[in-house]
2 protein chains.
Amino acid sequence: MAGRVDVARLAGVSPAVVSYVLNGSHPVAAGTRERVVAAIDELGYRPNALARSLATARTHTLGLLLPESANPYFARLSSAIEDAAFDAGFAVLLGNGSDNAARELGYIRAFLDRRVDGIIAVPGGEFLEGWRELESARVPAVSLDRLQQGINLPSVVVDNTGGASAATAHLIDHGRTRIACITGIAEVSSAQERMLGWRETLVAAGLPAAEHRLARADFSVEAGHSATLALLARDPEIDAIFAGSDTQAVGVLRALADLGLRAGQDVAIVGFDGTPLSDYTTPRLTTMAQPYAEIATEVVRMLLNLIEDPHQERSALHRVLHTTLIPRDTCGCGPAASAPQHAPPA
Amino acid sequence: MAGRVDVARLAGVSPAVVSYVLNGSHPVAAGTRERVVAAIDELGYRPNALARSLATARTHTLGLLLPESANPYFARLSSAIEDAAFDAGFAVLLGNGSDNAARELGYIRAFLDRRVDGIIAVPGGEFLEGWRELESARVPAVSLDRLQQGINLPSVVVDNTGGASAATAHLIDHGRTRIACITGIAEVSSAQERMLGWRETLVAAGLPAAEHRLARADFSVEAGHSATLALLARDPEIDAIFAGSDTQAVGVLRALADLGLRAGQDVAIVGFDGTPLSDYTTPRLTTMAQPYAEIATEVVRMLLNLIEDPHQERSALHRVLHTTLIPRDTCGCGPAASAPQHAPPA
DNA sequence: TTGAAAGCGCTAACAG
DNA sequence: CTGTTAGCGCTTTCAA
């Protein structure tokens with residue numbers, strides 16, 4: 001592989017000049033530049049990023065730590081973040097915490113060791129030690145999707161309470177009164193806030209927000225499925241379910257089908273996240289959509305600013321974006337809820 | 001941040017000795033080692049991976065290039081690969097080709113510049129130039145999920161033809177005779193092979209494999225949806241559909257519901273991939289499951305071997321794993337196909 | 001068993 | 001405008 005010296009020799013200049021034209025950091029005579037550029041692409045020369053990083057203390061690489069990257073929501077989110085990072089000229093190292101403290105820590109260290117310029121993390125349940133290392137390493141980091149108890153890092157989240165409230169209100173508008181909630185564990189701030197939005201809205205409407213209509217489970221289809229079964233066994237009167245995530249909502253759908261109940265009619269549902277697949281469930285899932293692209297550009301923008309100037313006013317570094325209701329079939333809005341399901345073949 | 005020299009000073013040794021104990025590459029007196037180790041974790045010292053990599057020409061980092069990481073199949077796959085890489089002590093740089101030649105090339109370069117030890121790539125449609133850079137850079141690389149025309153790189157794929165054949169045979173076993181196929185574009189080898197499996201099996205059974213019952217679309221829900229609509233409009237006689245991916249199958253499900261047709265009864269369906277969500281669609285999707293964990297461990301094992309010894313026999317570097325049929329409801333096996341859909345609430 | 005010193009490939013003063 | 005030189009933080013001969 002051709003090196004900087006080869007280029008320099010071919011162009012008849014010193015190695016330093018090659019750097020100058022490469023980085024545009026120094027004035028270089030037009031003629032010289034041309035010769036260097038010609039030499040560069042004649043040799044197919046590409047600067048060694050490791051060496052450059054060692055010298056500049058910048059890797060143009062971000063670390064992204066997720067709790068479980070296979071989850072459709074996080075998959076969508078990470079894809080958006082990668083896009084934004086790519087546009088900004090950054091590569092991303094991906095880490096999968098798997099809700100496992102040791103792994104999260106392992107990835108944080110892997111990122112730190114490789115000197116990433118910044119870290120975006122969706123903190124899992126047991127992330128305290130990871131944060132500690134992060135803080136002591138003084139590497140710019142921003143918390144995404146959720147806040148971590150007692151640690152004040154810059155963050156980008158959505159208005160979970162507001163979104164949950166809108167979802168619940170929509171259910172109430174449809175005449176539902178016995179509305180259950182399935183959400184994530186209390187340690188996850190976003191899950192907790194969604195529960196709060198549900199509860200507050202119910203209370204404000206003079207409707208019961210009974211404890212036995214609240215289920216906490218992890219953000220998986222399986223959990224949504226079994227939580228629904230348990231909820232309905234405990235209280236068959238339930239006529240609507242607000243699910244704190246689309247993945248859980250898919251489990252709800254499946255559970256209703258298992259019980260022979262019609263989603264959108266017997267039991268109305270509103271999910272959360274606006275996952276791509278939510279538009280293709282049967283029936284179509286009404287959900288609170290998150291603004292993925294906006295979240296992604298905002299979080300990398302914030303991180304990049306932080307990298308430029310690490311001593312920013314912390315208070316300005318908390319962004320709250322908004323979700324929007326996408327009314328489809330499972331709430332009772334759409335046509336499909338009453339569409340022919342036993343119609344003869346076309 | 002504490003450096004190697006600080007550790008050395010604290011332990012009363014030379015910086016070189018710190019390296020010796022860190023890498024265990026050199027004999028070190030027990031007492032000395034202890035002092036060094038003590039100094040290391042008193043200072044919380046962590047070696048700079050960039051510097052180490054520059055010196056050793058090893059980054060312990062892999063590049064993973066996917067066509068679209070938000071797709072449930074690739075999300076599941078990348079999560080499995082990350083797991084395997086983590087277990088092997090490797091971090092992964094993730095790239096999202098977005099079926100865009102320029103982006104793919106951009107990521108290949110980003111990987112190469114950062115001196116990844118190896119690359120795993122699922123080639124998108126226009127990956128030729130990317131491959132070229134890959135080859136000339138002589139970096140170990142393996143092709144995943146599909147083969148790239150005319151380029152002989154090590155690969156890990158599944159037996160697509162066999163899987164598609166089994167899927168089609170299963171449909172035939174259910175008495176279906178007018179079986180359509182929706183798969184990816186012909187340029188994608190796996191999509192093509194799945195189509196072939198469908199066709200061969202039909203022919204072998206003396207059934208028609210009509211061209212007008214074949215649809216090529218990209219691997220998305222949307223595409224599966226519209227392809228189904230088109231297929232059925234063209235030929236309402238179709239009584240089964242083999243979908244070359246679960247995401248497309250989800251679109252098929254949605255399209256059938258739109259048309260008032262019952263999946264598993266009016267039209268039977270078998271998907272491909274065994275995506276986690278396939279177990280939670282309504283009705284449950286019968287599918288050919290890919291062995292994710294096995295694929296992942298195999299591909300990183302192969303890549304790691306290649307890194308150790310780049311001059312291996314090429315012929316041994318093609319692994320074909322097998323898919324397994326998971327019979328559920330959409331083929332007609334399960335109970336849900338005939339489950340009450342208009343039953344009264346429990 | 002330990003230390004000194006020469007790189008790894010690049011950037012960034014500083015001189016010229 | 002261009003070249004020299006000293007690092008960046010680590011590994012690795014080679015001597016001691």
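A, B, ... follow the sequence lines: proteins, then strands. Residue 1 opens every chain. Atoms considered below: every heavy atom in the structure, side chains included; atoms not considered: hydrogens, waters and symmetry mates.
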Just distance, no hydrogens or angles: give the donor-acceptor pairs under 3.5 Å from side chains in residues 5-17 of chain A, sequence neighbours left out.
unit_1	atom_1	unit_2	atom_2	d
A:Asp6	OD1	A:Arg9	NH2	3.2
A:Asp6	OD2	A:Gly3	N	2.6
A:Ser14	OG	A:Ala16	N	3.3

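Under a 4.0 Å N-O distance rule, the pair A:Arg132/A:Glu129 does not qualify as a salt bridge.
Protein chain B contacts DNA chain D from D:dG9 to D:dT13, reading 5' to 3' and using non-hydrogen atoms of the protein with a distance under 4.0 Å.
Considering only heavy atoms from C-beta on, A:Glu298 stays 4.5 Å or farther from A:Val142 through its side chain.
Within 6.0 Å of CD in B:Gln149 there are 12 or fewer heavy atoms belonging to other residues, nucleotides or ligands.
Closest approach of B:Tyr107 to B:Asn96, counting heavy atoms only: CE1-N, 3.3 Å. Annotation for B:Ala141 and B:Leu306: closest pair O-CD2, 4.1 Å, computed over non-hydrogen atoms.
Note on B:Ser53: nothing from the nucleic acid sits closer than 4.0 angstrom, heavy atoms only.
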> Base, backbone or nothing for each nucleotide of nucleotides 5-13 of chain C, written B, S, -, heavy atoms under 4.0 angstrom, 5' to 3'?
Replying inline: --BBBBBBB
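Residues passing the side-chain contact (heavy atoms from CB on, under 4.5 Å) test with B:Ala55, sequence neighbours excluded: none. For B:Ser190, the side-chain contact (heavy atoms from CB on, under 4.5 Å) criterion is met by B:Asp145, B:Arg146, B:Asn160, B:Val188, B:Arg194, not counting sequence neighbours.
Rounded to 10°, the angle separating the first-five-pair axis and the last-five-pair axis of the helix from C:dT1-D:dA16 to C:dG16-D:dC1 equals 40°.
B:Arg114 and A:Thr61 are linked by a side-chain donor-acceptor pair at a separation below 3.5 angstrom, with hydrogens and angles left out of the test.
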> So A:Phe111 and A:Leu65, side-chain contact (heavy atoms from CB on, under 4.5 Å) or not? Walk me through it.
Replying inline: CA-CA 9 Å; A:Phe111 293 167; A:Leu65 182 67; 4.2 Å; yes
